[in-house]
Amino acid sequence: MSFSARILDWYHDHKRALPWRETKNPYIIWLSEIILQQTRVEQGTPYFFKFVEEYPNVTKFAAAEQESILRLWQGLGYYSRARNMHKAAKQVVDLYDGIFPTHYKDLLSLPGVGEYTAAAIASFAENHAHAVLDGNVFRVLSRYFGIEEPINSTAGKKLFSKLADELLDRVHPGEYNQAMMDFGAMQCKPKNPDCSICPLQVDCVAYGKGLQAELPKKLKGKKSRNRYFHYFVLERDGEVMMSQRPEGDVWTNLFEFPMLETSEMQSHIELQASAAFRDTFGDAQLRPIVGMQKHVLSHQNIYASFYKLENIDTDIAKNSNWNYYLLENLDKLAKHKLISSFVERYF
DNA sequence: AACTCGGGGTC
DNA sequence: GACCCAGAGTT
């Protein structure tokens, strides 16, 4: 039996019932694919339902305020996905008359749609013959063929891409693509794959050599850097000061409290005496309310402290992009995890 | 080719 | 603590 026949056979018995598999609507498939980028199915599923309900078609998505989209995206991470989705939706309305494209090249031209997502939408919606290449497929191919070339090297990407295309079932591309991903997610798992009951066992190079734990190979990235964020809670009769993150850094456009960043750890005494603090807040009094907590991101460790600020100059907001918001309206603002969990606990 | 962009789960 | 997740965009 051929490779693809075995994969499809396995899929027939083990297929996951996922909500976005019940449609051929490319817009709905697009929603699910963007949400699931670098995101587990269990984490993304509730967001998928929220987005389908709030934006049932691409026209409504395009007409939405970006603030609303970001707010609905809150907590999912990689927020550029949400901003790119808004751009892509507008592009579909403007360039494709609101008809969501299904051809690979058209899909690739949409912001936030790369090779994986374009292949997924094209094959799932209309059975176009493009092989998907995600973390699952990399792992399955690397182990089955015993490929030691790192999956994130340039040579590796080329090699695996060619291989994936050669193996693609040209008669059932959509189903085959789904099957490969389910197989990687459920059977050929990163840790402790179930090789004893694997239909590919006899021909799997990694199994034969006992290399399952070594493959796939991956080039290691840079280590995380440490950053120290100091958040200031400025409250006045039912309102609190909020600020928006700048572009070019983590959490672009999301709301948070006014803050100062230091490159080293600092006590609240040192902070209060620092030039940076006095430049902005003058003689205001700093009172710690939540001690330093570590927030881990992909490429940085953020150590965040929260302080209450008292006796501040009433004109402090004049020269900045800060604004007071009613506490009851905080829920409407898109906030990153550090701030949303603080707001839940504190207010 | 290297870096950056989140948050959460698993081992 | 290290690695991974239905990756993509920028430099």
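Computation of the quantities below employed the complete heavy-atom set of this structure, encompassing side-chain atoms and omitting hydrogens, waters and symmetry-equivalent molecules. We name chains A, B, ... by the order of the sequence lines, and we start the count at 1 in each one.
Near DNA chain C, meaning a heavy atom under 4.0 Å from it, residues 108-134 of chain A has A/Leu110, A/Pro111, A/Gly112, A/Val113, A/Gly114, A/Glu115, A/Tyr116, A/Thr117, A/Asp134 in order of number. Of all the residues in residues 205-222 of chain A, A/Lys218, A/Lys220 reach under 4.0 Å from DNA chain C with at least one non-hydrogen atom. Listed by residue number, there are no residues of residues 46-62 of chain A with a heavy-atom contact under 4.0 Å to DNA chain C. Taking a 4.0 Å limit (strictly below) on heavy-atom distances, residues 165-186 of chain A reaches DNA chain C at A/Gln178, A/Met181.
Considering only heavy atoms from C-beta on, A/Met241 stays 4.5 Å or farther from A/Leu309 through its side chain. Side-chain contact between A/Lys217 and A/Leu215 is present, with at least one heavy-atom pair separated by less than 4.5 Å. A/Phe255 places none of its side-chain heavy atoms less than 4.5 Å from the side chain of A/Lys332.
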Using atom types as modelled, flag every donor-acceptor pair under 3.5 Å from a side chain in residues 90-97 of chain A to any protein atom, sequence neighbours excluded.
residue : atom : partner  : partner atom : Å
A/Gln91 : NE2  : A/Ser109 : O            : 3.1
A/Tyr96 : OH   : A/Asp106 : OD1          : 3.4

Run the side-chain donor-acceptor check on residues 338-347 of chain A: report pairs under 3.5 Å with partners two or more places apart or on a different chain.
residue  : atom : partner  : partner atom : Å
A/Ser340 : OG   : A/His336 : O            : 3.4
A/Ser340 : OG   : A/Lys337 : O            : 3.3
A/Ser341 : OG   : A/Lys337 : O            : 2.7

In B/S/- notation, 5' to 3', how is nucleotides 6-11 of chain B contacted by protein heavy atoms closer than 4.0 Å? BBBB-S

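A/Lys15 is linked by a salt bridge (charged side-chain N to carboxylate O under 4.0 Å, His left out) to nothing, counting only residues two or more places apart in sequence or in another chain. Taking A/His103 as the reference, A/His128 meet the ring pair (Phe, Tyr, Trp, His ring centres under 6.0 Å) condition, with sequence neighbours excluded. With sequence neighbours excluded, no residue forms a side chain to side chain donor-acceptor pair (under 3.5 Å) with A/Arg143. Under the salt bridge (charged side-chain N to carboxylate O under 4.0 Å, His left out) criterion, A/Glu214 pairs with no residue, sequence neighbours left out.
At the heavy-atom level, A/Ile34 lies nowhere under 4.0 Å from the strands shown. Nucleic acid contact for A/Trp73: none, since no nucleic acid atom lies under 4.0 Å from a heavy atom of the residue.
Protein chain A contacts DNA chain C from C/dG1 to C/dG9, reading 5' to 3' and using non-hydrogen atoms of the protein with a distance under 4.0 Å.
Aromatic rings from A/Trp322 and A/Phe257 are positioned such that their centres are separated by 6.0 Å or more. Taking the six-membered ring where the residue is Trp, the centroids of A/Trp73 and A/Phe51 are separated by under 6.0 Å.
Around NZ of A/Lys189, the count of heavy atoms belonging to other residues, nucleotides or ligands within 6.0 Å exceeds 12.
With DNA chain B read from its 5' end, the first of the two nearest nucleotides for A/Gly248 and A/Lys157 is the one closest to A/Lys157.
Here the separation of C/dA6 from B/dC5, taken at their P atoms, is 23 Å to the nearest Å.
Under the 30°/60° scheme for interplanar angles, the aromatic rings of A/Tyr27 and A/Trp30 are found to be tilted.
Between A/Gln266 and A/Leu271, the shortest heavy-atom contact is OE1-CD1, 3.6 Å.
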